[in-house]
Amino acid sequence: MTYGYEPSDALSNKDRYRYFFRTFPPDSAVNAPRIEVFKQYGWTKSTNLLIADLERHGIELVTSEIVDSESIPTHQLSNIKAKDGRIIVVNMYEDQARILFCEAYKLGMYGPKYMYFIIGWYIHGWWLDTSNIDCTIEQLIEVIELIVGMEGLQLDPGNVTTVSGMTPSEYLASYHQYLNGTNPSGQVYASYGYDSMWSIALSLHSAAQQLTASGSGIKIEDFDYDNTHGLRDIFVEHLRGTQFHGVSDLCTNYNLRFS
C-alpha cells in the first residue's frame, strides 16, 4: 500500500492501483471551483479534460488535447485556436507548462481574449526558468498575466479540534517550532503527510482491535509481503473505512473520496 503526493487522477483507477491510497487531493478536486468561475463569468465553452463535470453543468467542450512529455504542443494549440477555444485548462507539470506557454506566445494565444487555468502547486517563480524553452522570461510573462491557479487548501481554515487533539493552527505552530527556522523542500504539503500518518495509525489500531476480538492469535506485527495471514486485505478494509477530522483542508481523508 502506498501513500502519495501525486495529484494525477490516473492513480484513482482502483483496477490498476489497488493498493494506492492518498490524502493529497487529485487534480479533479478543483473541478468544482473551476466550474463555478466559468458559470460566474458566463463562459459556456472550454477546452478541458474534465469532460463529465463540464457536461453536467451545461458547458460545451470544444476540444480535448493530449500533449506528450517534453513535446512542443504546436498542433494541439493550433487546433484549439482553429476552434476558437479561449478558456483553456492546463493539467501538466510546470516544465511542460513552460513549453506550452512559450508556444502559445508564438501563436499569439494570449491577452484579454484568452484565459488559462493551471495547477496551483507550481513552485513560486516557475516561469523564471527558461532552460527548456526558446522564449524569454518577458515573453512568458506576457502569456501568463491572465492565468488562474487552483489547488486545495493545505490547512483547514476552521478552529475545530482534530484527531490529534490540536486545532489546525496549533498544529501549524508546533510544526514551525519543530522546523526551527529551516525551510525544507515540500513543507507546504506537510499537513497532508501528517494526516496520512494519522490515517495509517488509526487503520492499524482498528485492524489490531479486530484481530484481538477474533481470538485468532494473529497480530498486525505478523504481516509479511507474501500475505501469509491475509493481513493485507484486513489493512485495506480498515484504510477504506477510516474517517477522521485532520488538519488538512477536508474533514475526511481523500482515500475515501477519490481512490
Does any non-hydrogen side-chain atom of [Y] lie less than 4.5 Å from one of [X]?
X: D233; Y: N227; value: yes
X: R98; Y: I133; value: yes
X: Y194; Y: S164; value: yes

With sequence neighbours excluded, residues passing side-chain hydrogen bond (donor to acceptor under 3.5 Å, both in side chains) with E142: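 Partners of E142 by the side-chain hydrogen bond (donor to acceptor under 3.5 Å, both in side chains) criterion come out as none, since no residue qualifies.
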
Residues in side-chain hydrogen bond (donor to acceptor under 3.5 Å, both in side chains) contact with S78, at least two apart in sequence or another chain: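 In terms of side-chain hydrogen bond (donor to acceptor under 3.5 Å, both in side chains), with neighbours along the sequence ignored, S78 is linked to no residue.
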
Residues which pass ring pair (Phe, Tyr, Trp, His ring centres under 6.0 Å) with Y178, listed by chain and number, not counting sequence neighbours: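 Here no residue qualifies.
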
G193 backbone acceptor or donor facing S196 side chain under 3.5 Å: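 Side chain of S196 to backbone of G193, a donor-acceptor pair under 3.5 Å: yes, one is there.
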
Side-chain donor/acceptor of T162 to backbone N/O of M166, under 3.5 Å: yes

Near-ring test F235/F223, centroid separation under 6.0 angstrom: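 So the answer is yes for these two rings.
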
Quick one: side chains of residues 100-114, donor-acceptor pairs under 3.5 Å with protein atoms, not counting sequence neighbours, listed by atom name and distance.
residue, atom, partner, partner atom, Å
E103, OE2, T74, OG1, 2.8
K106, NZ, D134, OD1, 2.7
K106, NZ, D134, OD2, 3.0

Residues D226 and T228: side-chain donor-acceptor under 3.5 angstrom: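 On atom types as modelled, these side chains do not qualify, holding no pair under 3.5 Å.
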
Residue pairs fulfilling salt bridge (charged side-chain N to carboxylate O under 4.0 Å, His left out) with at least one residue in residues 115-127, sequence neighbours excluded: none

Inter- and intrachain pairs under salt bridge (charged side-chain N to carboxylate O under 4.0 Å, His left out), touching residues 197-225, at least two apart: none

Mutual orientation of the aromatic rings belonging to Y171 and Y175 [parallel < 30°, tilted 30-60°, perpendicular > 60°]: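 It falls in the parallel class, under 30°.
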
